[in-house]
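The block underneath contains the structure these notes are about, expressed in structure tokens.
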Amino acid sequence: MKLSVRMVAVAAVLATAACAPQTSGNSSSDKDEKTGTLRVWLFQEVNNQPKEKVVDSVLADFEKEHEGTEVTVEYIPVETRAQRIKAAFNDPKSAPDLIEYGNTDTAGYVKDGGLADVTEDFGAWDEAKDTDPTARQSVTVGGKIYGVPYFVGVRALYYRTDVFEELGLDVPKTQAELIATAKEIRAARPELYGLAVGGAYTYGAMPFIWAHGGELATGKGGSYAAAIDSAAARKGIEAYTSLFGDDNCPAAKCAAMTGNDTITAFAAGKAAMAIGGDFSHAAVEAGKVKGTYAVAPLPGLKAGSIAPAFAGGNNLGVLKSTTHRTLAVDLMKRLASKEAQGKLFEAMGFLPTFSDVRQQVAAKEAFVKPFVATLAADTKFVPASPAWAQIDAGQVLPTMFQEVVSGKKDVDSAAADAAKKMNEAFGSAG
């Protein structure tokens with residue numbers, strides 16, 4: 001058996017994306033070949049090696065059981081997924097058979113006609129009955145299922161126990177204390193970011209908006225209107241953007257930072273705090289701060305409260321254009337199986353989507369508790385509209401944050417402009 005997991009050259013990737021036509025055929029393949037090469041796109045993590053090992057073990061068994069079949073895996077950057085995957089939908093010949101995708105992208109990808117309906121396959125999968133209902137909802141559009149949940153994720157507050165002990169600080173119990181503590185650390189230890197934040201870190205900013213009672217949008221059933229410019233949302237934006245400056249995280253360096261960038265800074269010992277997910281655990285453990293950090297729920301406005309967190313996570317889906325549908329569905333189930341998800345948790349800290357498996361890992365690992373507590377407190381999701389993929393790809397919210405922290409616009413005008421762009425997207429989505 002030949003194990004053929006390999007990275008595709010970046011130059012070839014860019015050339016493929018650049019050559020993709022701009023109009024989508026969205027056609028289903030009439031082929032279902034039982035041998036040949038399957039192409040898989042998975043997301044690149046901050047520390048990708050542990051993930052690769054888990055994936056490699058799954059592929060080894062898969063290739064052994066499917067003689068004449070091999071799999072190539074490409075790990076793509078999360079930040080450029082929208083362009084890459086849309087190009088794949090438009091050009092079936094260069095498209096992968098199976099992709100990892102963010103759960104916020106489901107509705108948009110289904111509208112684009114890129115994902116295969118796997119409702120019957122999911123129903124026939126014995127392990128599916130233990131899937132968390134929220135995770136199952138993340139692959140469901142219009143009553144049909146377009147993939148399988150891969151992992152769930154929420155974010156909490158990573159903090160340096162050594163720095164807090166040195167400065168005699170308590171773990172912040174409110175959002176106001178969090179901001180004040182970040183600035184106190186920066187004043188005492190100017191070589192550190194108090195709290196690493198990023199202007200391109202949408203999901204790190206959302207808890208500030210939600211904690212103040214703000215919403216991204218209002219509506220349901222596919223009909224939404226932006227609410228990012230409401231008074232409550234603007235208070236959250238103001239709170240988050242107050243963390244960009246020389247007294248915490250200088251705008252010149254932090255305005256362009258993504259979520260991965262903030263975790264990289266924390267893991268490297270350059271920040272005293274960071275907002276990171278359960279899925280960030282492996283990267284932090286592999287960094288310089290190993291043994292000198294802890295995790296607590298991100299505080300809300302009142303002492304003892306937990307800020308609402310984005311109910312994140314990723315799914316796996318088969319592309320409608322695949323010429324290896326049966327093989328792709330089988331591989332999808334194997335990669336997202338209970339066994340594989342348990343190994344992903346051990347390797348990366350990704351929380352399983354199966355309720356029984358999640359209970360098992362929470363009982364064994366203390367670091368999971370703050371994330372489980374956050375899941376139990378209050379989680380929120382982005383608007384369940386195809387427009388969200390457009391809003392996300394268009395960097396509408398990062399642009400808003402960056403305009404504020406750069407001083408180009410005040411909170412009111414930046415939020416108003418963002419709301420206008422969101423409403424245009426909602427309108428175009430129908």
Side-chain angles (χ1 to χ4, degrees), residues 82 102-108 111 134 137-138 141 154-155 174-176 178-179 197-244 255 259 275 298-302 305-313 374-375 377-406 408-430:
N103 61 7
T104 60
D105 298 324
T106 307
K111 183 186 178 184
T134 302
Q137 183 181 357
S138 76
V141 178
V154 290
R155 291 164 176 81
T174 67
Q175 194 175 99
L178 173 66
I179 295 171
V197 289
Y201 190 9
T202 302
Y203 300 122
M206 285 179 178
F208 291 80
I209 294 171
W210 288 327
H212 282 82
E215 297 288 349
L216 302 178
T218 56
K220 61 180 179 179
S223 178
Y224 288 90
I228 195 68
D229 58 343
S230 69
R234 294 198 308 270
K235 288 181 180 178
I237 296 168
E238 186 174 354
Y240 184 67
T241 55
S242 72
L243 288 161
F244 292 81
I275 300 168
L298 191 67
L301 299 189
K302 296 181 180 180
S305 68
I306 298 176
F310 166 65
T374 300
L375 277 169
D378 186 16
T379 57
K380 291 181 177 289
F381 199 60
V382 298
S385 165
W388 182 256
Q390 180 180 339
I391 293 167
D392 192 31
Q395 299 283 296
V396 173
L397 296 183
T399 297
M400 175 187 70
F401 296 128
Q402 290 164 350
E403 287 174 341
V404 174
V405 303
S406 67
K408 291 181 179 179
K409 295 179 182 177
D410 59 22
V411 171
D412 290 357
S413 59
D417 288 347
K420 181 180 178 181
K421 293 176 184 175
M422 291 175 71
N423 284 328
E424 289 172 353
F426 289 134
S428 67

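Here CG of Leu243 is found 5.5 Å from CZ of Phe208. Values are rounded to the nearest 0.5 Å. The OG1 atom of Thr399 sits 5.0 Å away from the NZ atom of Lys421 when rounded to the nearest 0.5 Å.
Taking all atoms of both residues into account, the shortest heavy-atom contact from Ala211 to Ala307 is CB-CB, 4.3 Å. Contact detail for Arg155 and Thr374: the closest heavy-atom pair is O-CG2, 4.0 Å. In this structure, Ala311 and Val154 approach most closely via the heavy-atom pair CA-CG1, 4.4 Å. Nearest heavy-atom pair across Ala387 and Phe426 is CB-CD2, 3.5 Å.
Side-chain atoms of Asn103 and Phe310, non-hydrogen and from C-beta on, do get closer than 4.5 Å to each other. The shortest side-chain heavy-atom distance between Tyr240 and Ile209 does not fall under the 4.5 Å cut-off. When side chains are defined from C-beta on, Gln175 counts as touching His212, because their heavy atoms get closer than 4.5 Å. Inter-residue side-chain proximity for Ile275 and Tyr201 is flagged as met; some heavy-atom pair is nearer than 4.5 Å.
Counting heavy-atom neighbours within 6.0 Å of Gln395 CD, excluding the residue itself, gives a total above 12.
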(request) Could you check Val197 against Phe401 for side-chain contact (heavy atoms from CB on, under 4.5 Å), going step by step and ending with a plain yes or no? (result) CA-CA 11 Å; Val197 289; Phe401 296 128; over 6 Å; no
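Using a distance-only test at 3.5 Å, with no hydrogens or angles considered, no donor-acceptor pair links the side chain of Asp378 to the main chain of Pro308.
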Less than 3.5 Å apart, which donor and acceptor atoms pair up between the side chains of residues 227-237 and the rest of the protein, not counting sequence neighbours?
{"from": "Ser230", "atom 1": "OG", "to": "Ala227", "atom 2": "O", "distance (Å)": "3.1"}
{"from": "Ser230", "atom 1": "OG", "to": "Ala233", "atom 2": "N", "distance (Å)": "3.2"}
{"from": "Arg234", "atom 1": "NE", "to": "Asp412", "atom 2": "OD1", "distance (Å)": "2.9"}
{"from": "Arg234", "atom 1": "NH1", "to": "Asp229", "atom 2": "O", "distance (Å)": "2.6"}

